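Notes for the one structure printed next.
In this text the structure is predicted, and so the values were computed from the model without any measurement. Chain A is the first sequence line, chain B the second, and so forth, proteins listed ahead of strands; every chain is numbered from 1. All values below come from the heavy atoms of this structure, side chains included, with hydrogens, waters and symmetry mates left out.
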Amino acid sequence: MPASTPEQPAVEFRGVAKRYGSTPAVRDLSFTVGRGEFFSLLGPSGCGKTTTLRLLAGFETPDAGEIRLFGEAVNRRRPYERDLAMVFQSYALFPHLSVERNVAFGLEQRKRPAREIRDRVRAALELVRLDPGTFATRRPSELSGGQRQRVALARALVLEPRVLLLDEPLGALDLKLRKEMQVELKALNLQLGVTFIHVTHDQEEALAMSDRLAVMNQAEIAQVGTPAEIYENPRTAFVADFIGEANFLEGKAAGRPGGEAARGSLEGWVITGDAGSFVVPPHWAISEGGDVRIAVRPEWLDLWRPGCLPRGENGLPATIQDLVYLGETIHVRVTLANGRVMIIALRNEGQLIKPLPWNRGDSCIVAWRPEDCQVLEG
Amino acid sequence: MTARRVPFAVSATAVVTYAFLHLPLLVLIAFSFNRSRFGVQWGGFTLDWYARLAFRPDILRAMRLSLVVGLLSTLLATAMGTLAAVALARYLPRARRAAGGLLYLPIVTPEIVAGVSLLVLFSWMGIALGITTIVIAHTAFSIPFVTVVVLARLQGTDHTLEEAAMSLGADELSTFRRVTLPQLMPGVLAGALLAFTLSFDDFVTTFFVSGVGSTTLPLAVYSMVRKSVEPTINALSALLVMVTTVAVYLADRLARGSTRA
């Protein structure tokens with residue numbers, strides 16, 4: 001493989017499309033992944049994230065567009081001609097081979113000397129924290145789910161690939177093990193400098209592990225960004241809803257804030273809907289009289305007694321419907337004037353700040369800062 | 001399973017059916033140990049007839065030929081049938097339904113038709129009848145059986161194993177050799193045993209395509225019977241039954257084990 005220039009991204013998709021029969025699996029897919037990045041493809045099942053990974057691995061050929069690895073077009077390359085390795089959701093360990101031979105498979109295929117294979121297999125097993133003395137001779141059927149996962153990881157990493165593909169690698173593990181492996185995978189990514197491309201439908205996992213992620217929906221990328229960008233500035237209602245929890249509000253852009261509601265420095269719009277009026281920050285998608293849809297995260301909302309709204313905050317009158325005590329937070333469901341339900345997450349801060357003792361049926365004001373409105377496109 | 005009373009009618013039907021199926025074979029095997037030379041009355045136990053088989057050069061020759069034909073046709077049919085199964089399952093999934101029908105056709109074709117058509121084909125092509133034509137014929141009728149057994153096994157294997165091998169740097173050939181084939185092995189072995197059994201006791205097709213001097217064991221038995229019924233035939237037939245029974249039993253066990261694995 002000719003040396004690629006250092007500024008080429010590890011992975012680049014340019015307008016890639018793939019259809020099965022008449023159903024598009026992915027449409028006009030364009031994104032880049034930097035070297036050493038931990039990049040996640042996140043979306044509900046059937047959104048095309050696995051197809052994207054399979055296109056990159058070479059198990060599928062794109063109908064249109066171009067896929068580049070380190071600057072080289074690889075559209076027509078067979079899977080074994082690409083410098084990457086993959087960890088499968090089902091692990092896909094070879095049942096007729098021992099752990100040692102599973103991990104050695106790729107090196108044997110590359111005709112490495114026996115001594116080198118032995119040393120590298122041992123090192124790879126230690127890297128994923130499996131004791132070679134205990135596990136080398138076992139069959140995959142004699143391993144637990146977590147151990148199989150580690151063998152699959154060792155089998156891929158032993159080849160020192162430049163890109164590692166992970167297809168829902170933690171899907172089959174129980175919660176505690178999953179959290180553990182999340183930390184370990186992230187650590188391996190930093191330690192080895194290998195580019196990780198990770199497919200998952202678990203938004204929490206994607207936020208926790210990724211440097212950047214692409215949210216996919218209906219065969220397209222809805223948004224690409226860092227976890228904070230995606231969480232704090234979702235571009236569409238789908239992204240806002242899929243990542244974390246969101247309350248949605250609609251209304252028409254009635255005019256610029258002024259008079260009592262004005263906070264001086266803030267330029268934005270007053271949105272009037274059937275639940276009341278509120279102020280949103282400036283946004284390119286808003287025009288006078290146009291429909292506006294916003295999302296607000298439950299933890300960015302606060303509750304006040306009627307008539308006690310802090311200056312400069314948005315407030316909508318509501319009635320408490322119920323409270324759910326979750327320990328770390330208290331989820332309060334309220335009904336707005338238009339019947340819409342909103343969820344407010346109050347932090348449980350112990351004796352520091354006791355949330356007011358709200359009861360079902362109490363009148364209240366749902367309050368939040370105008371800057372915390374996420375104006376949605378389309 | 002809990003012990004449940006089986007109605008008398010059911011067990012009686014079962015006994016009669018099994019008797020109907022296996023009584024002739026049991027009688028044959030029993031008489032192969034009968035000291036009395038002429039048929040029907042019991043003259044005491046003997047292994048004489050089996051011993052005598054060893055001194056019949058014509059039978060030994062036929063046995064050798066049957067083994068050679070069986071091994072060659074098994075080898076060919078297993079290789080071709082396995083490849084056909086892999087091609088159908090992995091590379092031609094859409095052609096599979098149509099091709100599947102064509103595949104079963106030889107299984108249901110009356111054997112006498114198959115025999116006659118092969119004879120016509122060979123004489124049209126000018127191929128001299130002999131061991132070659134027998135091997136070709138046996139390979140042909142064994143392939144579909146092997147393919148069916150291997151296809152069943154393929155259905156139970158995980159295709160992602162092959163993708164995993166490729167992502168680890170194995171090309172198509174290495175993937176087949178190192179991953180697909182080991183997965184299929186129980187099915188392949190079961191298919192091979194089936195093929196050998198079919199070849200070893202085939203009479204009709206072989207009758208049409210064998211030349212002078214290329215007499216397989218079943219043909220030898222037939223010509224012996226035509227001359228005279230003697231107890232060595234019983235012994236020989238009993239041997240044939242035992243060989244095929246063992247082969248079928250093994251094939252069945254392998255096929256079953258493969259679905260459980």
_Nearest atoms (heavy-atom pairs only) where Leu161(B) meets Phe94(A)_ =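 Nearest pair, atom of Leu161(B) first, then Phe94(A): O-CE2, 3.3 Å.
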Side-chain heavy atoms of [X] within contact of [Y], under 4.5 Å:
| X | Y | value |
| --- | --- | --- |
| His96(A) | Met185(B) | no |
| Pro95(A) | Asp158(B) | no |
| Leu168(B) | Arg155(A) | yes |

Which answer fits [X], side chain, backbone, both or neither, if we ask what part of it has an atom under 4.5 Å from a heavy atom of chain B?
| X | value |
| --- | --- |
| Arg54(A) | side chain |
| Leu93(A) | backbone |
| Phe88(A) | side chain |
| Leu165(A) | neither |

Atom [atom1] of [X] and atom [atom2] of [Y]: how far apart are they, to the nearest 0.5 Å?
| X | Y | atom1 | atom2 | value |
| --- | --- | --- | --- | --- |
| Leu159(A) | Ser167(B) | CG | OG | 8.5 Å |
| Gln109(A) | Met166(B) | CD | CE | 10.5 Å |
| Glu163(B) | Ser90(A) | CD | OG | 9.5 Å |
| Tyr80(A) | Glu172(B) | OH | CD | 3.5 Å |

*Could you have a look at Ser141(A), Gly58(A), Ala92(A) and say which one has the most heavy-atom pairs with chain B under 4.5 angstrom?*
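So the answer, after comparing Ser141(A), Gly58(A), Ala92(A), is Ala92(A).
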Around atom [atom1] of [X], are there more than 12 heavy atoms from other residues, nucleotides or ligands closer than 6.0 Å?
| X | atom1 | answer |
| --- | --- | --- |
| Tyr18(B) | OH | no |
| Arg122(A) | CZ | no |
| Phe203(B) | CZ | yes |

*asked:* The test is side chain to side chain contact (heavy atoms under 4.5 Å, CB included); show your working for Thr160(B) and Tyr91(A) and say whether it passes.
replied: CA-CA 9 Å; Thr160(B) 53; Tyr91(A) 313 139; over 6 Å; no
*asked:* Only pairs of heavy atoms separated by less than 4.5 Å count here; which of Glu162(B), Arg178(B), Gln183(B) has the most with chain A?
replied: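 Top option by heavy-atom pairs under 4.5 Å: Arg178(B).
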